[in-house]
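Bear in mind that the values here come from a model prediction, so they are computed numbers and not experimental data. Below, chains carry the letters A, B, ... as their sequence lines are ordered, and counting in each starts from 1.
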Number of protein chains: 2
Amino acid sequence: MTNKANLNNLTKSEEDYLKALFQLLIEDNSEKVGNNQLAEYLKVSPASTNNMIKKLKTKNYVVSEKYGKLELTDEGRAIAVRLIRKHRLWETFLYNYLNFSWDEVHEVAEQLEHIKSYKLIDELDRFMDFPEKDPHGELIPNAKGEYKVIPKITLSSLVEGDVCKLVAVNDGSVNFLRFVSEIGLALSSEIKVLEVREFDKSIRIQFNDTVETVTRKFADNVFVKVV
Amino acid sequence: MTNKANLNNLTKSEEDYLKALFQLLIEDNSEKVGNNQLAEYLKVSPASTNNMIKKLKTKNYVVSEKYGKLELTDEGRAIAVRLIRKHRLWETFLYNYLNFSWDEVHEVAEQLEHIKSYKLIDELDRFMDFPEKDPHGELIPNAKGEYKVIPKITLSSLVEGDVCKLVAVNDGSVNFLRFVSEIGLALSSEIKVLEVREFDKSIRIQFNDTVETVTRKFADNVFVKVV
DNA sequence: TAAAAAAGTTAGTCATGACTAACAAAGCAA
DNA sequence: TTGCTTTGTTAGTCATGACTAACTTTTTTA
């Protein structure tokens with residue numbers, strides 16, 4: 001009945017914490033991630049985080065000294081990468097095959113990423129012919145657990161006259177994603193920075209013959225590659 | 001962030017109990033389902049079942065008098081049917097698109113049936129072009145929650161000379177399913193009963209030019225339609 | 001129909017993973 | 001360097017959903 005190969009004995013919560021820690025450490029490139037920061041990211045109390053970190057340390061997924069910064073072991077990191085692989089593959093499936101929109105995929109993928117079955121995810125990968133990127137433009141880790149990030153900077157770091165291509169968007173907020181598609185931006189859109197207003201850092205951009213003014217907050221969540 | 005339409009506020013456990021109760025009541029056609037019977041079916045203690053039934057009664061999914069038999073309310077039944085719909089659609093997807101075998105689909109579908117998203121399941125249904133039956137031959141309830149059973153009897157109820165068609169198999173045991181495919185039986189196979197041995201009720205059957213002797217226990221789990 | 005067996009219930013315990021409140025250690029600023 | 005603020009930790013509580021052990025009600029059968 002039970003296929004050992006599918007069981008890594010982690011609860012949904014344990015997985016959530018490991019993935020969150022990975023995202024703070026590696027994706028956000030923070031050089032120090034502390035207990036409270038992780039708590040805030042996961043929207044739980046610092047006490048809960050402390051508790052779970054203790055547990056993950058005994059299981060050898062996390063390393064940290066008392067009052068020190070949090071780090072992932074190779075095994076903890078591998079689990080997080082697998083979760084991200086699963087999340088992005090499911091997002092791709094929902095988007096490409098099940099008519100889900102950009103802003104709808106995340107919530108359901110958050111549930112699907114916890115399904116335990118190696119075969120399921122590798123077959124899904126094969127079924128979609130090994131997609132490289134998810135619908136938000138992020139690279140999908142392969143079955144070997146190789147994690148890569150595409151070189152990208154935020155739109156807000158550009159200056160007047162720069163021309164760039166949209167390569168990815170932050171998938172953390174449904175409202176943001178909805179707005180991105182509403183104004184007509186999509187992956188690979190070519191964007192030209194017309195003006196950066198000093199007093200509030202808002203930016204006038206042009207794409208597909210459309211001109212829009214976006215806030216600094218918006219531009220922080222749009223990832224581009226200068227062309 | 002949260003789409004109310006996707007949330008029915010039931011935990012995985014609550015869902016498991018409702019589905020189990022439905023399966024005992026309707027699929028096994030029992031006229032009385034008791035607390036201990038449900039406990040045994042779910043492989044938990046009678047105390048656990050009692051506890052959960054109490055909870056499901058306050059939520060109006062289950063009705064029963066003290067020391068009386070268990071029954072589902074319309075709402076409880078609707079939830080169970082939705083779970084069965086999800087389970088069978090996922091099984092169909094795994095079998096038809098992801099190279100899962102008969103005996104592998106159940107375990108993963110048990111997890112997938114708890115994913116909360118109406119859109120997900122209705123789109124999956126559309127993607128597969130509204131399949132009628134799951135890989136084991138059972139009918140898939142539609143989006144309106146209509147539950148039907150195909151007329152079927154067990155192979156063990158036949159007598160010498162009967163000819164029948166395999167319409168479904170009990171999906172409860174991996175070993176059984178594996179054995180069914182090993183000997184070469186598949187849905188729609190035409191089976192002829194050559195001999196019923198009185199002393200141990202074992203049956204000699206013929207199908208696709210193969211002759212096999214199967215036990216009574218085996219024949220109890222094979223569902224057929226006399227032709 | 002009375003005793004035994006089976007079925008159902010209750011009380012109390014445990015692990016998980018949340019929480020608050022209180023406290024301790026680090027880090028920063030005056 | 002002495003406070004003050006931020007960060008981290010501990011203790012104790014709660015809900016969920018398991019469990020065992022003990023008890024009660026119902027059903028069976030001798």
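Taken residue by residue, residues 11-26 of chain A places heavy atoms nearer than 4.0 Å to DNA chain C at A:Thr11, A:Ser13, A:Tyr17.
Under the salt bridge (charged side-chain N to carboxylate O under 4.0 Å, His left out) criterion, the residue pairs touching residues 142-157 of chain A are A:Glu138-A:Lys152, with sequence neighbours excluded. Here salt bridge (charged side-chain N to carboxylate O under 4.0 Å, His left out) pairs that include residues 43-58 of chain B, with residues two or more places apart or in two chains, are B:Glu14-B:Lys55. For residues 33-68 of chain B, the set of pairs meeting the ring pair (Phe, Tyr, Trp, His ring centres under 6.0 Å) definition, not counting sequence neighbours, is empty. Pairs of residues two or more places apart, or lying in two chains, that qualify as salt bridge (charged side-chain N to carboxylate O under 4.0 Å, His left out) and include a residue from residues 87-105 of chain B are A:Lys119-B:Glu104, B:Glu27-B:Arg88, B:Arg88-B:Asp134, B:Asp103-B:Arg178.
Protein atom CG of A:Leu10 is 19 Å distant from nucleotide atom P of C:dA15, rounded to whole Å. Taking atom CG of residue A:Leu42 and atom P of nucleotide D:dG8, one finds them 14 Å apart after rounding to whole Å. Counting to the nearest Å, the C1' atom of C:dG17 and the NZ atom of A:Lys54 are 13 Å from each other. Rounded to an integer number of Å, the gap from A:Met52 CE to D:dT9 P is 15 Å. In this entry the distance linking CG of A:Asn36 with P of C:dA26 reads 15 Å, nearest Å. Computed from coordinates, the B:Leu38 CG to C:dT9 P distance equals 12 Å when rounded to whole Å. Spacing between atom OH of B:Tyr41 and atom P of C:dA7 amounts to 18 Å, rounded to whole angstrom units. Atom pair B:Ile53:CD1 and C:dT9:C1' shows a separation of 13 Å (rounding to whole Å applied).
Look at B:Lys32 and you'll find a side-chain N or O under 4.0 angstrom from OP1 or OP2 of C:dG8. In this model, the phosphate group of D:dG8 is not approached by any side-chain N or O of A:Asn50 to a distance below 4.0 Å at OP1 or OP2. Distances shown here put every side-chain N or O of B:Asn35 at or beyond 4.0 Å from the OP1 or OP2 atom of C:dA7. Of the side-chain N and O atoms in A:Lys69, none sit less than 4.0 angstrom from OP1 or OP2 of D:dG8.
Looking at residues two or more places apart in sequence or on another chain, you find no salt bridge (charged side-chain N to carboxylate O under 4.0 Å, His left out) involving A:Lys32. When the side-chain hydrogen bond (donor to acceptor under 3.5 Å, both in side chains) test is applied to B:Asp162, no partner is found at least two apart in sequence or on another chain. Not a single side-chain hydrogen bond (donor to acceptor under 3.5 Å, both in side chains) links A:Asn175 to another residue, sequence neighbours left out. Checked against salt bridge (charged side-chain N to carboxylate O under 4.0 Å, His left out), B:Glu65 has no partners two or more places apart in sequence or in another chain. Listed by chain and number, the residues in a side-chain hydrogen bond (donor to acceptor under 3.5 Å, both in side chains) with A:Glu132 amount to none (sequence neighbours excluded).
For the 3.5 Å distance criterion, the side chains of B:His106 and B:His87 qualify, holding a donor opposite an acceptor. Counting only N and O atoms by type, the side chains of B:Ser13 and B:Thr11 include no donor and acceptor under 3.5 Å apart.
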For nucleotides 19-26 of chain D, just jot down a letter per nucleotide in 5' to 3' order: B, S or -, based on protein non-hydrogen atoms under 4.0 Å.
BB----SS
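For A:Lys19 and A:Glu110, the salt-bridge test passes: some basic side-chain N is under 4.0 Å from an acidic carboxylate O.
Axis angle across the helix from C:dT1-D:dA30 to C:dA30-D:dT1, with five pairs used at each end and values rounded to 10°: 10°.
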